[in-house]
Amino acid sequence: ILPTRAGFRIGKKSVGGIQTQIDLQSFLNATIISASTSKRMPQLIAEFPNYIGAGGAPEWEKDVWGTYQTALKRQSAKVQAADQKRSVEFKYFDPSRFECSISV
């Protein structure tokens with residue numbers, strides 16, 4: 001997809017045998033994948049009682065998850081404290097804003 005002043009061009013244009021524009025099917029596939037994976041997901045700092053330690057999972061799983069959650073909360077507090085000192089907030093390293101998903 002190539003941006004133009006009028007919007008996006010979709011087609012099969014090639015220069016020297018190299019395709020420079022995406023075809024309609026690929027465009028629609030990418031749109032569907034992006035739309036279906038872009039919804040909000042649960043926050044990473046959460047208990048997840050239906051997953052962590054559920055269904056006969058080993059007890060150490062809860063301990064590992066609890067330690068990980070404690071470290072995330074500590075890191076979040078550090079980032080938020082540093083943001084108070086900065087003239088511009090930098091929220092990208094704040095675990096309290098992280099989601100439990102990977103979107104395309």
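Computation of the quantities below employed the complete heavy-atom set of this structure, encompassing side-chain atoms and omitting hydrogens, waters and symmetry-equivalent molecules.
Atom CD in Q69 sits 6.5 Å away from atom CD1 in I45 (nearest 0.5 Å). Here the CH2-CG distance, from W65 to L72, works out to 7.5 Å after rounding to the nearest 0.5 Å. A distance of 10.5 Å separates CD of Q75 from CD of Q80, quoted to the nearest 0.5 Å.
Between the side chain of E61 and the main chain of I52, no donor-acceptor pair closer than 3.5 Å is present.
Nearest heavy atom pair, residue K73 against residue E47, reads NZ-OE2, 4.4 Å. When all heavy atoms of P49 and A54 are compared, the closest pair comes out as O-CB, 3.6 Å. The shortest non-hydrogen separation linking F90 to V79 is O-CG1, 3.8 Å.
Transitive grouping of hydrophobic side chains (ILVMFWY, heavy atoms separated by less than 4.5 Å) keeps L44 and F93 in distinct clusters.
Within 6.0 Å of OH on Y92 lie no more than 12 heavy atoms contributed by other residues, nucleotides or ligands. Within 6.0 Å of atom OH in Y51, 12 or fewer heavy atoms from other residues, nucleotides or ligands are found, so the atom counts as exposed in its surroundings.
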